[in-house]
Amino acid sequence: MKRVLAAVLTLAVLLAGFFLPTLVTGIQDKNAVQVEDVSLQQVDLNEDSGLTIIEKLQMLSDETSTQLAVGVGRVQTIPMLSQNAWVVLDNLTINGAAILDPATTVQEQQSALLVSNGGRAYIVWQILFNDGNNNICWLYLDDETGLPLSISCCASDDSVAASWLYVAGEAMLTSDGLWLDNSVSNNDAIMESAVGDSNESETGVETFELAATDGSTQFSIPLESSYGWLTVNPVCAYF
């Protein structure tokens with residue numbers, strides 16, 4: 001009888017040791033979810049973010065920022081959003097980056113995202129435009145102002161996307177009431193050769209820094225390009 005009892009106790013100890021890590025992990029995961037929920041609940045979407053347009057630009061391209069789909073924004077209605085988006089597309093064309101054909105371009109979808117970082121947060125709209133000719137553009141518009149924070153386009157003509165990169169950056173800055181900081185020589189290099197002080201990765205992606213200013217604050221906008229596509233202020237925030 002003692003042998004049977006000893007065997008049962010031994011088996012119980014082994015099973016406890018086997019399932020204990022799973023139980024502890026489960027508790028840790030549950031606590032992690034609770035912490036995330038609490039941090040999100042602290043963001044009041046009914047209040048202004050208090051962020052400048054430059055701060056929003058920088059947060060969107062910051063790899064430590066996160067995104068959360070929230071469905072709808074606080075300020076922009078769909079008609080307002082469409083109107084503001086078409087202003088950006090018109091500025092692209094006026095500046096020489098005629099990526100989409102205005103005659104056939106349609107707004108296909110839009111969704112609102114909460115971008116947060118270190119207790120700061122704001123809502124940005126992600127909008128897709130397609131002209132039906134294998135040319136598409138993603139625009140990211142600020143919910144509070146309707147101003148563009150990022151532009152990403154894919155062109156059917158592989159040879160022209162990189163040459164549009166500088167003018168696309170200038171068009172976005174102009175829309176935001178900002179302008180190029182021409183005291184920085186790299187801007188001229190990007191404009192003249194679409195190469196500038198770029199860093200080309202093994203994947204063929206070229207990266208640039210476009211110097212900009214609001215008159216008092218100097219900052220830079222990251223640019224990326226490769227065959228057939230370009231991005232102004234790449235969205236690095238992750239879900």
Side-chain angles (χ1 to χ4, degrees), residues 53 56-57 59-61 65-115 122-176 190 194 203-208 210 221-239:
I53 196 68
K56 291 177 179 179
L57 286 165
M59 276 181 61
L60 193 62
S61 60
S65 297
T66 59
Q67 293 181 19
L68 175 70
V70 293
V72 296
R74 185 177 65 86
V75 178
Q76 298 289 311
T77 63
I78 299 302
M80 292 169 58
L81 195 66
S82 298
Q83 181 178 0
N84 290 327
W86 277 104
V87 170
V88 177
L89 294 179
D90 287 343
N91 282 341
L92 285 175
T93 301
I94 292 171
N95 278 266
I99 300 170
L100 301 174
D101 183 351
T104 58
T105 297
V106 295
Q107 180 177 332
E108 291 195 337
Q109 65 185 65
Q110 60 281 317
S111 58
L113 305 171
L114 179 70
V115 179
Y122 68 94
I123 295 176
V124 63
W125 284 90
Q126 181 188 57
I127 314 160
L128 174 62
F129 285 89
N130 191 336
D131 69 357
N133 298 312
N134 296 320
N135 302 306
I136 63 172
C137 279
W138 287 100
L139 302 183
Y140 289 78
L141 301 190
D142 176 35
D143 180 62
E144 292 177 329
T145 63
L147 298 177
L149 301 176
S150 177
I151 299 173
S152 185
C153 299
C154 181
S156 57
D157 187 348
D158 291 349
S159 64
V160 297
S163 65
W164 284 337
L165 188 60
Y166 180 91
V167 293
E170 185 177 19
M172 192 181 83
L173 291 172
T174 300
S175 298
D176 290 342
I190 297 173
T203 61
V205 177
E206 290 184 320
T207 60
F208 312 84
L210 188 63
I221 294 293
L223 309 176
E224 291 183 355
S225 71
S226 187
Y227 300 107
W229 66 268
L230 62 87
T231 301
V232 179
N233 202 39
V235 179
C236 292
Y238 61 89
F239 287 93

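In this text the structure is predicted, and so the values were computed from the model without any measurement.
Minimum heavy-atom separation, Trp164 to Ala155: CZ3-CB, 4.1 Å. A pairwise comparison of heavy atoms in Val235 and Ser150 identifies CG2-OG, 3.6 Å as the closest pair. Taking every heavy atom of both residues into account, Gly169 and Val232 meet most closely at N-CG2, 3.7 Å. Nearest heavy atoms, Gln76 versus Asn84: OE1-ND2, 2.9 Å.
Atom CG of Leu92 is separated from atom OG of Ser175 by 7.5 Å, given to the nearest 0.5 angstrom. Distance check, rounded to the nearest 0.5 Å: CD1 of Ile99 to SG of Cys153 gives 3.5 Å. Leu210 contributes atom CG, which lies 6.0 Å from atom CG of Leu173 (distance to the nearest 0.5 angstrom). Distance check: Ile53 CD1 to Leu147 CG gives 4.5 Å after rounding to the nearest 0.5 Å. Interatomic distance, Ile123 CD1 to Gln67 CD, rounded to the nearest 0.5 Å: 12.5 Å. Taking CG from Asn130 and CG from Asn134, the interatomic distance works out to 8.0 Å, rounded to the nearest 0.5 Å.
At least one side-chain heavy atom of Val88 sits less than 4.5 Å from a side-chain heavy atom of Leu141. Looking at Asp176 and Pro148, their side chains come closer than 4.5 Å, going by heavy atoms from C-beta outward. Counting heavy atoms from C-beta on, the side chains of Phe208 and Glu224 never come closer than 4.5 Å. Residues Leu149 and Tyr122 have side chains in contact (heavy-atom distance under 4.5 Å, counting atoms from C-beta outward).
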*Can Asp143 and Arg74 be said to form a salt bridge (charged side-chain N to carboxylate O under 4.0 Å, His left out), step by step?*
CA-CA 7 Å; Asp143 180 62; Arg74 185 177 65 86; 5.0 Å; no

*Given Leu89 and Leu139, is the side-chain contact (heavy atoms from CB on, under 4.5 Å) satisfied, shown in steps?*
CA-CA 9 Å; Leu89 294 179; Leu139 302 183; 4.0 Å; yes

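Between Cys137 and Cys154, the SG-SG separation does not fall below 2.5 Å.
The main-chain N or O of Asn133 is found under 3.5 Å from a side-chain atom of Asp131 such that the two form a donor-acceptor pair.
Side-chain contact, Thr93 with Asp90: no donor N or O sits under 3.5 Å from an acceptor N or O. Between Ser82 and Gln107, the side chains place a donor N or O and an acceptor N or O closer than 3.5 Å (distance only, hydrogens not considered).
Results of the side chain to side chain contact (heavy atoms under 4.5 Å, CB included) test with Gln110 over Val72, Ile127, Leu128 single out Ile127 as the only residue that passes. Applying side chain to side chain contact (heavy atoms under 4.5 Å, CB included) to Asn233 and the options Leu223, Leu60, Ile151 leaves one that passes, Leu60.
Between Trp86 and Phe129, the distance separating the two ring centers is shorter than 6.0 angstrom.
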